[in-house]
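Worksheet for the structure shown next.
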Amino acid sequence: MVQIVEPRHPVSLADYESVADLSATVRSLRQEAESRLAGFDGRRLVMVNSTAQGGGVAEMLPPLLTILRELGVDAHWLVIETQEQAFFRLTKNLHNLIHGAGDPNLGAPDHAVYDRVSAENAAAMEDFLQPGDVLVVHDPQPMGAGALLREKMDIAAIWRCHIGLDRETAETRAAWGFLDPYLKPYDHAVFTAPEYIPGVLAGRATIIHPAIDPLSHKNRHLQVHDLVGILANSALVKPWGPVMSPAYSEPARRLQADGDWAPATEPEDFGLLFRPIVTQISRWDRLKGFFPLMEGFVSLKHGIEARTDLDEHHLRALQLARLVLAGPDPASVDDDPEGKEVLSELCAAYSCLPPHLQADIAIVSLPMSSKENNALIVNALQCCSDIVVQNSIQEGFGLTVTEPMWKRAAVMGSSAVGIKQQIRPDLDGLLIKHPGDPGEIADGLDALLSDEAKRAALGRSARQRVHDNFLVFAQVKSWLELLTNTTAACWPNCD
Ligand code: UDP
């Protein structure tokens with residue numbers, strides 16, 4: 001079975017073009033498209049993945065496909081479907097293996113399931129495809145179907161891999177060994193970072209970075225009243241007077257000293273609008289480095305009284321600084337038992353802190369029932385943070401870095417592969433070498449909290465860096481280039 005999905009994205013190129021600091025970028029994209037599309041020959045672009053909703057790929061495809069269509073590409077979106085749970089168990093394991101985890105014992109029964117479902121999906125997709133199409137296949141689930149179609153039809157095929165690990169392990173070898181026969185027919189592959197390209201694809205792969213949409217609820221500019229309204233509606237600040245719009249049906253909840261969860265304004269307003277705020281927003285995943293970040297913040301606070309090197313401003317910044325650790329409401333992630341475990345360990349560590357440190361740290365659960373409200377809350381939290389941290393032990397790319405960079409926050413990231421793609425150290429943010437070292441984290445926070453001018457300079461450069469490289473327009477440009485190059489290589493005799 002295959003589903004034809006109509007990409008829905010409410011923003012047009014003209015909307016982007018009407019924003020002052022985006023208009024030149026959109027104009028240059030239109031020009032680039034005009035010259036490149038002559039080489040694309042009116043072909044159809046067909047993208048295929050395994051879900052129409054949920055997950056980064058499904059979120060990224062509507063803006064990408066809508067912009068490509070507006071630029072004149074005949075772009076389509078297919079989603080493969082199957083009832084075979086064994087297939088998705090296998091592809092989930094392949095996903096984990098590519099990240100260096102999972103069960104590396106793959107054998108003939110796994111190939112049998114993968115081949116059977118791939119053949120079914122290929123048959124369903126064949127009805128939709130035409131000779132001359134360029135097929136772009138996302139991640140391992142539809143890879144087998146794409147390979148069969150490339151062998152059978154006069155089409156070009158590109159495999160887009162959104163995952164990766166920067167080193168070879170028994171697990172990654174097992175995954176790439178399994179996928180190798182299905183990769184062979186592809187004309188080209190696309191990865192997020194050069195470190196992720198496996199040996200079997202060397203010379204046949206291009207880098208395209210993930211990107212953010214500057215007019216999405218998560219990244220659009222918020223006027224002061226919008227920002228404060230979102231924080232009040234989600235119970236992240238206590239309003240002093242009447243508020244225009246009603247409170248969200250679910251508030252953000254903060255862990256309390258007794259271990260319960262209450263609206264985040266309890267036991268008192270946290271000071272998001274006035275104090276120096278350090279924030280990390282991520283899934284509750286061990287690899288996101290929440291624990292050493294909390295330890296680093298605690299050790300920074302512990303050391304203040306004994307220090308003799310602090311001027312008045314620096315001392316006040318350290319005394320007032322507060323840390324927000326935010327992530328999705330655990331009730332919304334039933335399929336993520338590890339997330340629940342990590343959050344409860346973090347809560348246990350918090351409960352061991354003395355009351356004055358508990359007052360300086362908020363562990364916050366963000367409501368997930370409305371995607372729009374969640375995105376607005378993330379936006380507002382990032383906007384009112386002086387420092388945004390992403391202390392990941394491992395990070396594929398890290399949109400949680402791109403997003404605050406776009407908002408001119410001073411970002412402190414770990415040196416994980418994805419984060420290094422984005423932050424040039426000391427120019428667009430700080431890079432922590434050892435995300436497991438609370439001392440290094442405390443030093444980084446101390447340096448940033450002491451120097452307002454430095455934070456502002458990092459923020460300015462970060463915004464420019466995202467503007468030039470990690471907005472959806474840069475992604476569209478890279479795709480246009482790759483599509484025309486692939487067309488020229490596959491059909492060299494066509495003009
Ligand atoms: N995010 C969110 N709500 C949360 C936690 C995270 O909307 O409570 C978003 C975050 O803003 C980002 C995405 O989830 O857009 C996470 O993407 P990233 O590439 O940083 O990491 P991943 O979760 O894919 O490992």
Side-chain angles (χ1 to χ4, degrees), residues 51 53-60 63 95-96 98-101 138-139 161-165 192-193 196 209-214 216-220 230 234 236 248 250-254 261 264 279-290 324-333 335-336 338-340 342-343 346 362-383 385 388-407 409 411 413-414 416-423 429 435 466 470-472 475:
T51 173
Q53 254 169 19
V57 180
E59 264 190 44
M60 186 207 73
H95 178 105
N96 292 340
I98 293 176
H99 279 137
H138 293 265
D139 283 337
C161 182
H162 295 272
I163 48 188
L165 188 71
T192 295
Y196 299 154
H209 295 300
I212 58 168
D213 173 357
S216 65
H217 290 305
K218 198 172 286 176
N219 294 302
R220 67 182 166 85
I230 293 162
S234 58
L236 281 163
Y248 294 157
E250 271 188 275
R253 291 195 165 79
R254 177 179 175 194
W261 293 89
T279 302
Q280 174 164 304
I281 307 172
S282 275
R283 287 182 296 107
W284 305 109
D285 187 313
R286 222 173 289 284
L287 293 175
K288 300 294 183 185
F290 278 113
V324 178
L325 301 176
D329 174 2
S332 72
V333 281
D335 58 339
D336 183 15
E338 194 202 316
K340 288 188 173 170
V342 170
L343 178 57
L346 199 62
I363 297 183
V364 176
S365 144
L366 302 178
M368 300 295 286
S369 48
S370 155
K371 256 181 85 171
E372 178 178 331
N373 290 352
N374 179 265
L376 289 170
I377 296 171
V378 170
N379 188 343
L381 265 178
Q382 288 169 339
C383 281
S385 301
V388 174
V389 183
Q390 191 56 55
N391 189 44
S392 305
I393 316 299
Q394 209 171 291
E395 191 60 72
F397 184 68
L399 290 172
T400 48
V401 170
T402 333
E403 292 156 3
M405 283 174 76
W406 177 240
K407 292 160 191 129
V411 179
S414 69
V417 176
I419 300 178
K420 274 196 306 193
Q421 305 284 310
Q422 303 184 61
I423 296 179
V466 174
F470 308 123
L471 292 183
V472 64
Q475 199 181 42

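When a ligand or atom number is given, it counts from 1 through the structure's own listing order.
- Heavy-atom separations between Q390 and ligand 1 are all 4.0 Å or longer.
- Not a single N or O atom of I281, backbone or side chain, sits closer than 3.5 Å to an N or O atom of ligand 1.
- Within the 4.0 Å heavy-atom criterion, neither part of Q382 lies near ligand 1.
- Close contacts of ligand 1 with K288, meaning ligand atoms under 4.0 Å from a residue heavy atom, involve 21 (O), 22 (P), 25 (O).
- The minimum heavy-atom distance linking K218 with E403 is given by the pair CD-OE2, 3.4 Å.
- For the pair G56 and ligand 1, no heavy-atom separation below 4.0 Å is found.
- Interface atoms of ligand 1 facing E395, defined by a heavy-atom separation under 4.0 Å, are 21 (O), 25 (O).
- Each of the following atoms of ligand 1 lies closer than 4.0 Å to a heavy atom of G398: 19 (O), 20 (O).
- Counting the atoms of ligand 1 from 1 in the order shown, those under 4.0 Å from a heavy atom of G327 are 8 (O).
- Protein heavy atoms all stay at least 4.0 Å away from atom 24 (O) of ligand 1.
- Interface atoms of ligand 1 facing R283, defined by a heavy-atom separation under 4.0 Å, are 22 (P), 23 (O), 25 (O).
- Here the CG-CD distance, from L366 to E250, works out to 10.5 Å after rounding to the nearest 0.5 Å.
- Aromatic ring orientation, F470 versus H209: perpendicular (interplanar angle above 60°, classes split at 30° and 60°).
- The atoms of ligand 1 that sit less than 4.0 Å from any heavy atom of V378 are 2 (C), 3 (N), 7 (O), 11 (O).
- Ligand-side atoms of ligand 1 in range of L366: 8 (O), range being under 4.0 angstrom from any heavy atom.
- Among the atoms of P328, some N or O lies under 3.5 angstrom from an N or O of ligand 1.
- Between S370 and E372, the side chains place no donor N or O within less than 3.5 Å of an acceptor N or O (distance only, hydrogens not considered).
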